[in-house]
Amino acid sequence: MKVYYDKDANLGALREKRIAIIGYGSQGFAQANNLRDSGCQVTVGLRHDSASRVKAEQAGLATLPVAQAAAEADVVMMLVPDEVAADVYAKDVAESMLPGKYLGFSHGFSIHFGFIKPPPEVSVFMVAPKGPGHLVRHEYTRGAGVPCLLAVHQDPNGDAKQTGLAYASAIGGGRAGVIETSFREETETDLFGEQAVLCGGLTALIKAGFETLVEAGYAPEMAYFECLHEMKLIVDLLYEGGISEMRYSISNTAQYGDMTRGPVVINDETKQRMKGLLAEIQSGAFANEWMKENRNGKQRFRQLEAETRDHRIEKVGAGLRAMMPWLAANKLVDKATN
Ligand code: NAD
Ligand code: MG
């Protein structure tokens, strides 16, 4: 595995290029501000009715309609949601994809599954920060950075990797490490991680644990603390030092329960189902299902979202968090500015 740092990047060449950041959401906000603070020429491309225009302009960034920002730029970075990227590209970006330009992504979804097919005369790269935009901005402003993945899909210009590396460095990734990968590897591992472990697996695990305690007659507040609140303490230990170091920190009783009971909950059968999820990702079945869900107005998406919003763990949690105001101090997300 190849890892690059700031010393390997040529920021000078990137500073001469005009960069259009399409979309000012989680990643657009972070990347546009970090690039600007690294001395790059940035314009944010937004929809006519964009609610983000005020936020971008208040941050001192130039804004233009998407088509115009893309037309004037050498590097067009697509930071709109993956499910709308193909439409935005077809409507406002495709026409300005002239020879010599660069098209960038922070996730390989649209390119790897073929929803966007850029012309062969355009270099296509990916710089994918391994963290949400708010962390990308927060780390940058404190002089650090979030590690990034770097990949090249096609490169008629001959310097897509250098351009991507400089881009990664300009958003702070070079301070932490820029790891070389491929569009396929990034896309498939990213989807798998968020489905099986990080988001899907985790929230299902938390809810099942909470329900088990509550159905057995324990106080929902206790169940919330045990199954959700304390998750952070354990994850922080895992993040710092891996599994063995986390086990060093917990009690021997907790460690014995961990080692003997964990595999009862997550077992070979679970792993077989994980392999099933991976196969659906690799075949493109998941990607097609998700695009279809969007074409159909996201009905199921909204229904599932509402089911969790109305779940007892969310109601109990809101009440408990209100009693712990320090949890909200220093929040990374401030919806008024980012
Ligand atoms: P987001 O949902 O936070 O924001 C997208 C922004 O796009 C919106 O705020 C809006 O400004 C704009 N937008 C939405 N619909 C649009 C349309 N039809 N036309 C024009 N603009 C529109 O998205 P995000 O989470 O920043 O994701 C952007 C990309 O970054 C995706 O490819 C995603 O996979 C990738 N990524 C995200 C994260 C993350 O943690 N959020 C991490 C790594 C990579
Ligand atoms: Mg991810």
Side-chain angles (χ1 to χ4, degrees), residues 20-35 43-59 61 63-70 76-94 103-113 115-116 124-140 145-151 153 164 167-168 171-173 176 178-179 181 183 186-195 198-199 281 286-287 290-291 294-295 297-298 301 305 332-338:
I21 298 291
I22 310 301
Y24 198 73
S26 176
Q27 288 296 331
F29 144 76
Q31 296 186 25
N33 280 281
N34 292 5
L35 286 163
T43 302
V44 179
L46 295 169
R47 278 176 293 190
H48 292 280
D49 58 345
S50 173
S52 311
R53 171 159 295 115
V54 183
K55 295 180 190 178
E57 286 172 358
Q58 273 173 358
L61 291 158
T63 66
L64 281 176
V66 173
Q68 210 176 325
V76 178
M77 190 71 178
M78 294 291 290
L79 296 178
V80 298
D82 299 305
E83 67 275 18
V84 306
D87 287 345
V88 172
Y89 178 85
K91 188 170 151 283
D92 287 327
V93 178
L103 182 64
F105 293 86
S106 280
H107 180 32
F109 189 91
S110 297
I111 291 288
H112 177 60
F113 293 117
F115 299 117
I116 294 179
V124 180
F125 68 86
M126 168 171 44
V127 171
K130 285 283 93 183
H134 301 97
L135 193 64
V136 172
R137 180 60 179 158
H138 176 77
E139 289 296 292
Y140 180 90
V146 169
C148 289
L149 302 181
L150 170 68
H153 172 64
Y167 187 103
I171 64 169
V178 180
I179 301 161
T181 180
F183 270 67
E186 184 276 339
T187 306
E188 294 177 355
T189 57
D190 189 73
L191 291 175
F192 179 79
E194 66 202 17
Q195 291 177 19
L198 304 175
C199 310
I281 291 166
F286 171 79
W290 171 223
M291 294 303 273
N294 281 282
R295 280 195 300 278
K298 276 195 183 162
F301 182 95
E305 191 176 44
L332 292 179
V333 179
D334 169 7
K335 289 182 180 166
T337 62
N338 60 32

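Heads up: numbering here begins at 1 and tracks the sequence. Both counts, for ligands and for their atoms, begin at 1 and track the order of listing.
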inquiry  = Test ring-ring contact (aromatic ring centres under 6.0 Å, His included) on Phe105 and His153; report intermediate values, then the result.
reply    = CA-CA 10 Å; Phe105 293 86; His153 172 64; 8.8 Å; no

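The pair Asp190-Lys130 meets the salt-bridge criterion, with a side-chain N (NZ, NE, NH1 or NH2) lying under 4.0 Å from an Asp/Glu carboxylate O.
Shown in contact with His107 at under 4.0 Å from a heavy atom are these atoms of ligand 1, numbered in order with element: 32 (O), 34 (O). Here is the list of ligand 1 atoms found below 4.0 Å of a heavy atom in Leu79: 5 (C), 6 (C), 7 (O), 28 (C). Proximity to Pro129 (heavy-atom distance under 4.0 Å) selects the following atoms of ligand 1: 43 (C).
Under a 3.5 Å cut-off, the side chain of Ser106 and the backbone N or O of Val127 do form a donor-acceptor pair. A donor-acceptor pair is defined here as one N or O able to donate and one able to accept, closer than 3.5 Å; such a pair exists between the side chain of Arg53 and the backbone of His48. In this structure, Glu194 contributes its side chain and Cys199 its backbone to no donor-acceptor pair below 3.5 Å. Side-chain atoms of Thr187 come within 3.5 Å of backbone N or O of Phe183 as a donor-acceptor pair.
Judged by the shortest distance from any of its heavy atoms, Ser52 lies inside the 4.0 Å radius around the atoms of ligand 1. Ligand 1 lies less than 4.0 angstrom from a heavy atom belonging to Gly131.
Among Ser106, Ser26, Ala56, Ala30, the residue whose heavy atom lies nearest to atom 25 (O) of ligand 1 is Ser26.
Here Lys91 pairs with nothing under the salt bridge (charged side-chain N to carboxylate O under 4.0 Å, His left out) rule; sequence neighbours left out.
Close N/O approach between Tyr24 and ligand 1 is found [any backbone or side-chain N/O within under 3.5 Å]. Between Asp82 and ligand 1, an N or O atom pair is found at a separation short of 3.5 Å.
Counting heavy atoms under 4.0 Å from ligand 1, residue Val88 touches it through the side chain alone.
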